[in-house]
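Just so it is clear: chains get the letters A, B, ... in the order the sequence lines come, proteins before strands, and each one is counted from 1. Side-chain atoms are counted along with the backbone in the values below, which use heavy atoms only and exclude waters and symmetry mates.
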There are 2 protein chains.
Amino acid sequence: MKQASHSPDLTRLSRHIPRTPSIGSTTVTDEDHVHLSFGFAAPELFPLATLEQAAGEAIRTHGREALQYSGAPGPDDIVKWIEQRAHHNGLDVDSAHVLVTYGATQGLSLAAQLLLEPEDEVWTEAPTFFSALQAFRLSGAVIRAFPLEADGLNVELLEQALQEARATERPLPKLLYTMPTYHNPGGVTLSVAKRHRLIELAREYHFYVLEDDAYGELNFTGQPWPTLYSLAPERVIYLNTFSKIIAPGLRLGWMIAHPELIQRLRILMLGGSTGVFTQEIVAALLQNIDMNEHLERLRTHYRQQRDVMAAAIDRHLGDAVRYVLPEGGFFLWISFREVIDTTELQQRAFTYGVSIVDGRSFYPQRDVGHQLRLCFSYCNSEQIEKGIARLARAYTDYVAEQEAVQLNTLEYHNRV
Amino acid sequence: MKQASHSPDLTRLSRHIPRTPSIGSTTVTDEDHVHLSFGFAAPELFPLATLEQAAGEAIRTHGREALQYSGAPGPDDIVKWIEQRAHHNGLDVDSAHVLVTYGATQGLSLAAQLLLEPEDEVWTEAPTFFSALQAFRLSGAVIRAFPLEADGLNVELLEQALQEARATERPLPKLLYTMPTYHNPGGVTLSVAKRHRLIELAREYHFYVLEDDAYGELNFTGQPWPTLYSLAPERVIYLNTFSKIIAPGLRLGWMIAHPELIQRLRILMLGGSTGVFTQEIVAALLQNIDMNEHLERLRTHYRQQRDVMAAAIDRHLGDAVRYVLPEGGFFLWISFREVIDTTELQQRAFTYGVSIVDGRSFYPQRDVGHQLRLCFSYCNSEQIEKGIARLARAYTDYVAEQEAVQLNTLEYHNRV
């Protein structure tokens with residue numbers, strides 16, 4: 001009965017573990033390669049000097065406590081900062097509503113664990129953030145997705161589906177995941193009217209809403225958007241992160257939810273608070289930085305990069321694509337004609353020296369394949385221009401090849 | 001149909017979320033209070049100066065990459081360090097066997113998620129680490145516990161239970177969780193013969209072993225212990241942490257397992273690598289520190305603290321308790337006579353100015369209540385002496401009160 005001693009018994013793993021990551025990664029060492037795939041912050045805007053000062057301060061002033069499990073004043077100071085920022089953005093919360101997490105990504109995992117059991121339904125947007133899909137899959141949940149429009153989630157289709165499910169006694173969702181503001185990857189924003197309707201539906205059909213507001217502060221127009229949390233604090237679990245406004249490598253984010261939920265989320269973290277050493281440093285940084293000024297710098301920069309990318313797309317791809325100009329965030333989502341296969345286009349573009357993300361990665365069933373996500377936040381203007389030009393050449397050559405194949409096939413059929 | 005707008009719908013949470021933390025926490029501001037409860041490292045041994053230097057170096061040299069999602073060379077350097085240290089400790093691994101985690105605590109969560117589904121059986125030691133119990137409960141697993149002896153887990157009872165389960169077609173465990181070396185809370189170490197037997201059983205009954213080696217480096221005698229992983233790499237998931245050898249506030253640990261398992265554990269982390277900024281700093285620290293010398297300093301210090309505590313117990317509590325002198329780690333586990341209720345004793349001790357952890361917290365059913373965990377790593381010698389003296393006074397007064405109650409009851413019965 002003994003097993004071979006060199007290989008683990010994979011039959012005993014939990015059934016809900018996918019075998020592949022949600023998105024592939026490639027290592028490119030060619031300096032000239034353009035990474036329009038990376039959803040990364042602009043590294044030249046990281047407040048490095050302030051951070052170095054903050055790290056020194058934190059270690060000198062609070063080192064012994066900051067390195068212990070429970071930390072020094074930092075974790076409390078961060079919660080206070082989050083409270084104040086939340087008030088500034090129209091959310092009515094106190095410290096009992098806040099949980100600091102390892103980025104918004106841990107927030108996704110925790111929310112999934114809090115609510116979902118195998119076979120529970122989670123409804124999302126399509127396209128949607130791939131890490132969210134992965135978190136829901138890991139819970140064994142059933143994912144159902146509803147299309148995005150230029151003004152966000154198609155709430156009408158959602159409502160029809162809810163009505164149908166109730167009428168036919170099919171499962172209703174336990175959770176709806178949405179990124180209402182500056183969507184990743186869609187770039188679109190949910191209208192105010194739809195926000196209100198969505199919340200009415202959540203109340204009527206008793207589902208929770210997981211609101212991912214990772215990009216909410218990166219607003220290019222100045223138009224404020226009410227968070228879903230502010231509309232229904234009892235129905236919404238809200239996620240945010242320092243990744244886009246300070247730096248992703250810190251891996252610090254936060255959840256805002258009803259204290260009863262926060263208390264249980266803390267239990268899910270097994271009593272371990274999120275890296276207190278990092279929190280101490282970030283707390284010192286937050287004291288030394290003028291956040292409004294810093295955010296204005298980020299917004300101005302990212303808006304310029306968006307404009308550079310949009311102009312390059314118009315110039316190089318023109319009528320070949322459609323897109324909605326994003327009013328904030330990191331991403332521009334382009335749609336080709338439906339006959340274009342972006343999995344093939346992505347591969348060809350890669351060999352032409354530009355990485356992009358195939359839109360399939362953002363669909364639960366990977367069944368929509370004529371869209372791409374482009375990121376304008378990480379590359380500089382020159383790289384963006386170069387990357388889009390390469391994508392356009394890849395597209396032109398791909399289409400020419402497809403047409404040649406069709407001609408050949410036609411010729412073949414004519415001959416036969 | 002509308003719900004009240006101020007309270008969340010708790011009926012929709014996953015059924016496996018406990019309502020209470022695995023262990024209570026108290027805030028004490030009295031400077032004179034002695035915390036023999038905290039399983040904390042000695043803060044005076046944190047390498048603060050080296051850490052400050054490392055933080056500055058990391059930010060100056062690799063800041064932009066270190067603050068991005070994927071990080072600079074730090075994460076790879078840490079994996080190399082872990083590989084080398086593993087070789088030094090007799091584990092045959094390369095980088096594909098290693099996953100850096102947020103402390104050993106995240107390792108517990110990830111292992112539970114990887115393997116366990118609701119109703120699966122996890123077998124543990126009793127007593128055992130409370131965060132492990134909580135991680136298993138969150139997976140909906142059924143926990144069964146087997147007693148610790150002076151030389152670790154009672155493997156004979158385990159074997160009987162396995163045989164019985166097989167014979168009667170009752171569920172066999174999918175996972176056995178153990179801390180074989182310098183047990184938390186038990187302080188004991190699994191004998192070499194029992195290690196071999198345990199591994200034979202794991203192979204025969206097809207269960208995985210989750211080996212928690214958090215205290216393995218804090219060896220007071222110089223006697224080496226073979227890890228379970230080194231005996232059966234295909235059956236063991238191994239956990240370790242920088243918390244005890246550098247500092248817990250960093251929240252950095254690691255898992256070692258077969259590459260097939262590591263690959264799936266990475267998927268469970270949703271592609272997010274553990275805080276790369278912290279990793280970059282710790283990588284710089286590891287380059288600047290002589291780890292063997294640092295570990296010798298820790299071992300000498302903790303051995304002395306253990307001796308101070310043992311002497312204080314012998315002097316103040318004498319025959320009232322039994323304990324096994326730990327040969328490493330942080331903890332001394334004492335047993336009173338079975339009539340003593342440590343929940344009551346703990347409360348009384350608290351009012352006398354000393355915190356300890358009631359042994360019940362380490363039993364899955366909280367059904368053994370005459371034991372306590374004392375931690376000798378965090379307090380200095382003077383505090384340890386003072387704390388044990390207070391515990392002894394609390395014990396004496398508690399016993400006197402119990403006897404008085406019994407006398408009164410007796411008197412009452414005699415009168416009736």
Set out, in order, the CA-CA distance, both residues' side-chain angles and the distance that settles side chain to side chain contact (heavy atoms under 4.5 Å, CB included) for B:Arg251 and A:Thr274, then state yes or no.
CA-CA 8 Å; B:Arg251 300 281 68 223; A:Thr274 304; over 6 Å; no
So with a 6.0 Å cut-off around CG of B:Asp92, is the heavy-atom count from everything else above 12?
no
Please report the interatomic distance CD(A:Gln53) to CD1(B:Ile59), rounded to the nearest 0.5 Å.
10.5 Å
Please classify the contact of A:Tyr205 with chain B as side chain, backbone, both or neither, using a heavy-atom distance under 4.5 Å.
backbone
Segment of A:Phe40 engaging chain B (4.5 angstrom heavy-atom cut-off)
both
Which atom pair, heavy atoms only, marks the closest approach of B:Arg64 to A:Pro43?
NE-O, 3.7 Å
Determine which residues belonging to residues 106-114 of chain A lie within contact range of chain B, meaning some heavy atom pair is under 4.5 Å apart, and list them by number or answer 'none'.
A:Ser109, A:Gln113, A:Leu114
If you tally heavy-atom pairs under 4.5 Å between each of A:Phe277, A:Tyr102, A:Tyr378 and chain B, the highest tally belongs to A:Tyr102
Qualifying residues under salt bridge (charged side-chain N to carboxylate O under 4.0 Å, His left out), relative to B:Glu52, sequence neighbours excluded
A:Arg60
Under a 4.5 Å heavy-atom cut-off, does chain A meet the side chain of B:Glu44, its backbone, both or neither?
both
A:Leu10 side chain reached by B:Arg264 side chain, heavy atoms, under 4.5 Å:
yes
What's the separation between atom CD1 in B:Ile267 and atom CG in A:Leu138, rounded to the nearest 0.5 Å?
8.0 Å
Go through the steps for A:Leu67 and B:Ile246 under the test side chain to side chain contact (heavy atoms under 4.5 Å, CB included), then give the verdict.
CA-CA 9 Å; A:Leu67 286 166; B:Ile246 302 182; over 6 Å; no
Holding to side chain to side chain contact (heavy atoms under 4.5 Å, CB included), I want the full list of residues that pass it with A:Ser37, two or more places apart in sequence or in another chain.
A:His35, A:Ser355, A:Val357
With chain B as the partner, which of A:Leu261, A:Leu175, A:Val236 has the greatest number of non-hydrogen pairs under 4.5 Å?
A:Leu261
To the nearest 0.5 angstrom, please state how far the CG atom of A:Leu252 sits from the OG1 atom of B:Thr278.
8.0 Å
With chain B, which of A:Gly56, A:Ala132, A:Ala49 has the greatest number of heavy-atom pairs at distances under 4.5 Å?
A:Gly56
Would you find a donor on one side and an acceptor on the other, under 3.5 Å apart, between the side chain of B:Gln68 and the backbone of A:Pro248?
no
Region of A:Leu51 in contact with chain B, defined by heavy-atom distances below 4.5 Å:
both
Max heavy-atom pairs within cutoff under 4.5 Å with chain A, candidates B:Ala41, B:Pro118, B:Ala55, goes to B:Ala41
With a 4.5 angstrom heavy-atom cut-off, could you sort out which part of A:Ala66 is near chain B: side chain, backbone, both or neither?
backbone
Using modelled atom types and a 3.5 Å cut-off, is there a donor and acceptor pairing between side-chain atoms of B:Arg12 and backbone atoms of A:Tyr208?
no
Is it the backbone or the side chain of A:Gln279 that comes under 4.5 Å from a heavy atom of chain B, or both, or neither?
neither
Got a sec, which pairs hit salt bridge (charged side-chain N to carboxylate O under 4.0 Å, His left out) with one end in residues 102-121 of chain A, sequence neighbours left out?
A:Glu117-B:Arg15, A:Asp120-A:Lys174
Any A:Arg235 side-chain heavy atom under 4.5 Å of B:Asp9 side chain:
yes
